[in-house]
Amino acid sequence: MPPLNILLTGATGALGPQLAAELSASPQVGRVDVLVRSTGGVGARERFEAWVATVGALRAADGSIPADVSRLRLVVGDVGQDALGLNARDADALVRETDVIVHAAADTRFRGPPDDQWNVNVDGTRRLLDWAATCRRLRRLIHVSTVCVAGSSTGRVPEAPFEPPGFVNRYERTKWECERLALSCGLPVRVARVSIVMGSHANGVVHRPGALHHAFRWFGRGLIPIVPATPQTTLDLIPTETAARFLARAATKDSPAKTIWHVAAGDRAIPLGEVMDLVWEQFGAHQRAGSRRSRRGERPRIVDAEAFEQWRRAAAAGDPVVGHLADSLDSFFPGLLCPRVFETRHAEALWGGPLPLPDWRQTLERVIRFICLHPGT
């Protein structure tokens with residue numbers, strides 16, 4: 001079978017560099033066309049070249065095969081534009097040559113502008129699917145989703161379409177809408193719901209920080225001393241390498257159409273209290289090592305929703321900064337009151353057993369070290 005030509009969207013996101021490293025190192029892949037747009041005054045080519053330098057420094061997660069950046073090709077485009085904003089030459093080549101699409105582009109900000117988020121996540125997925133329907137030899141389309149589509153669900157969450165009782169933030173709603181579009185489009189779609197990605201197990205690198213990393217920083221400094229949750233609440237955390245390796249396998253291995261995978265820890269999710277304890281201890285250790293004299297607040301503890309709301313009102317009245325931080329976490333905290341476990345049977349069937357999850361403490365220690373050494377992250 002000839003090598004696969006893959007179109008990758010969302011390559012500059014949190015998973016993009018490691019995923020590109022995995023794909024470019026695979027003997028089953030011939031070329032990876034990377035969709036990149038200009039943004040913030042930086043041209044697509046300049047962004048691509050800086051990104052390629054990052055990818056080139058990575059190795060496949062098993063450490064044995066370096067990324068082959070010669071397989072990566074820039075395609076200037078934007079899921080926010082009709083026909084993906086492709087020029088005629090690239091559009092013609094991609095329609096003729098694309099075997100697999102990995103659609104990872106998304107606005108992942110929990111508090112992003114509603115119109116922007118809908119345009120990128122929902123309308124962007126619709127544009128991508130419309131364009132994919134013209135690809136002459138498309139074998140599979142991997143839609144990269146998120147376990148956040150569970151919204152306010154509790155209990156065991158199946159690897160299947162479902163409608164949650166509600167959503168904690170707009171991001172969750174838009175990604176749920178994306179799944180509906182993808183699964184009903186008639187193309188050979190598979191959906192990978194990726195869990196919360198901590199960062200690299202190898203070195204702690206976080207390519208793009210999310211709500212989790214900001215929360216860690218605030219917890220570690222004692223600015224948010226209490227967390228609304230239940231005694232059963234866990235955090236489903238995975239390293240970047242696990243997510244990227246799974247997506248690369250999904251892109252290169254046959255599987256039934258419309259399969260949904262939870263790329264997640266599942267039954268191996270971590271009790272929230274254990275995560276909070278490690279975050280507190282590690283930030284304290286780095287603060288002492290750096291001879292920082294700033295005083296930390298209380299060690300964070302778990303409380304119910306009512307106690308958290310009482311603290312929040314008092315904090316907002318006494319310290320506007322802390323009140324603002326609490327407001328920022330509104331898009332994240334309510335989900336902690338909804339304990340659930342993500343089923344992983346389908347994901348394990350594709351992988352051939354339990355997903356590879358290194359010791360979460362080692363991963364998180366390295367991630368916190370990276371956060372502390374790169375405060376602008």
Side-chain angles (χ1 to χ4, degrees), residues 1-37 44 47-77 79 84 90 93-94 97-106 128 132 135 137-145 182 187-194 197 199-202 205 207-208 238-255 259 261 263 347 350-352 355-356:
M1 184 178 298
L4 299 169
N5 290 333
I6 296 178
L7 174 65
L8 174 62
T9 75
T12 57
L15 284 176
Q18 188 67 47
L19 176 54
E22 297 290 338
L23 291 172
S24 68
S26 170
Q28 296 169 279
V29 175
R31 188 180 74 229
V32 181
D33 294 307
V34 185
L35 193 73
V36 180
R37 64 187 175 92
R47 293 185 71 207
F48 176 75
E49 290 174 353
W51 174 83
V52 166
T54 298
V55 176
L58 298 173
R59 301 179 71 86
D62 63 4
S64 61
I65 305 173
D68 182 358
V69 296
S70 68
R71 296 183 182 182
L72 305 175
R73 185 176 77 100
L74 168 66
V75 175
V76 179
V79 298
L84 306 186
D90 283 340
L94 290 171
E97 299 171 5
T98 298
D99 300 297
V100 178
I101 298 172
V102 179
H103 178 45
L128 187 283
C135 292
R137 64 188 208 191
L138 184 68
R139 296 177 55 179
R140 65 185 72 91
L141 190 158
I142 310 302
H143 174 68
V144 181
S145 186
L187 295 173
V189 168
R190 288 81 165 158
V191 174
R193 292 176 182 156
V194 178
V197 177
S200 169
H201 176 73
V205 169
H207 291 294
R208 180 175 291 180
I238 60 174
T240 305
E241 291 90 345
T242 296
R245 289 179 71 188
F246 185 93
L247 293 175
R249 180 166 297 192
T252 56
K253 185 176 180 179
D254 287 333
S255 58
T259 299
W261 303 292
V263 190
L350 180 76
W351 188 260
L355 270 60

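Positions are given from 1 along the sequence. All values below come from the heavy atoms of this structure, side chains included, with hydrogens, waters and symmetry mates left out.
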Quiz prompt | Under-4.0 Å salt bridge between R140 and D254 | solution = yes

Quiz item: How about K253 and L350: do any of their side-chain heavy atoms sit closer than 4.5 Å?
Solution: yes

Self-check item: Contacts of R47 that satisfy salt bridge (Lys or Arg N to Asp or Glu O under 4.0 Å) - sequence neighbours left out
Solution: none

Quiz item: Which heavy atom in P17 sits nearest to a heavy atom in T54, and how many Å separate them?
Solution: CB-CG2, 4.1 Å

Practice problem: Output yes when a side-chain donor or acceptor of Q28 lies under 3.5 Å from a complementary backbone atom of P3, and no otherwise. | Solution: no

Quiz item: Are any non-hydrogen side-chain atoms of H143 and R190 less than 4.5 angstrom apart?
Solution: no

Exercise. Report the distance from atom CG of D90 to atom CD of E97, rounding to the nearest 0.5 Å.
Key: 10.0 Å

Exercise. Can you see which heavy atom on R71 is nearest to which on V29, and at what distance?
Key: NH1-O, 2.9 Å

Self-check item: L15 side chain near V194 side chain, heavy-atom distance below 4.5 Å
Solution: yes

Practice problem: Keeping the roles fixed (side chain from R249, backbone from W351), state whether a donor-acceptor pair exists under 3.5 Å. | Solution: yes

Practice problem: Could you tell me whether a side-chain N or O of R208 sits under 3.5 Å from a main-chain N or O of T12, the two making a donor and an acceptor? | Solution: yes

Quiz item: In a check of side-chain contact (heavy atoms from CB on, under 4.5 Å) between V189 and each of L141, I142, I101, T259, which one passes?
Solution: L141

Quiz item: Taking side chain as C-beta onward, heavy atoms only, is T252 less than 4.5 Å from L4?
Solution: yes

Practice problem: Using a 4.5 Å cut-off on heavy atoms from C-beta on, say whether the side chain of W51 contacts that of V36. | Solution: no

Self-check item: Separation between CH2 of W261 and CG of L355, rounded to the nearest 0.5 Å
Solution: 11.5 Å

Self-check item: Residue pair V263 / A243: nearest heavy atoms and the distance that separates them
Solution: CG1-CA, 4.0 Å

Quiz item: Say you draw a straight line from CG of L19 to NE2 of H207; how long is it, rounded to the nearest 0.5 Å?
Solution: 11.0 Å

Quiz item: Taking S24 for the side chain and A20 for the main chain, is one N or O donor matched with an acceptor at less than 3.5 Å?
Solution: yes

Self-check item: Pairwise distance CG(L23) to CD1(I6) - rounded to 0.5 angstrom
Solution: 4.5 Å

Quiz item: Is there side-chain contact between E49 and L74, with at least one heavy-atom pair below 4.5 Å?
Solution: no

Quiz item: Of all heavy-atom pairs between A248 and E22, which one has the smallest distance, and what is that distance?
Solution: CB-CB, 3.7 Å

Quiz item: Are L138 and D99 close enough that some pair of their side-chain heavy atoms sits under 4.5 Å apart?
Solution: no

Quiz item: Backbone N or O of A202 within a donor-acceptor pair of the E241 side chain at under 3.5 Å?
Solution: yes

Quiz item: Nearest heavy-atom pair of S200 and T240: which atoms, and what distance?
Solution: N-OG1, 3.4 Å

Quiz item: Taking only residues two or more places apart in sequence or in another chain, which ones pass side chain to side chain donor-acceptor pair (under 3.5 Å) with T9?
Solution: H103

Quiz item: Which heavy atom of L35 sits nearest a heavy atom of V76, and at what distance?
Solution: CD1-C, 4.3 Å

Self-check item: Qualifying residues under side-chain contact (heavy atoms from CB on, under 4.5 Å), relative to D33, sequence neighbours excluded
Solution: L7, R31, R73, V75, L94

Exercise. Take S145 and R193 through the test side-chain hydrogen bond (donor to acceptor under 3.5 Å, both in side chains) and record every step on the way to the result.
Key: CA-CA 4 Å; S145 186; R193 292 176 182 156; 5.0 Å; no

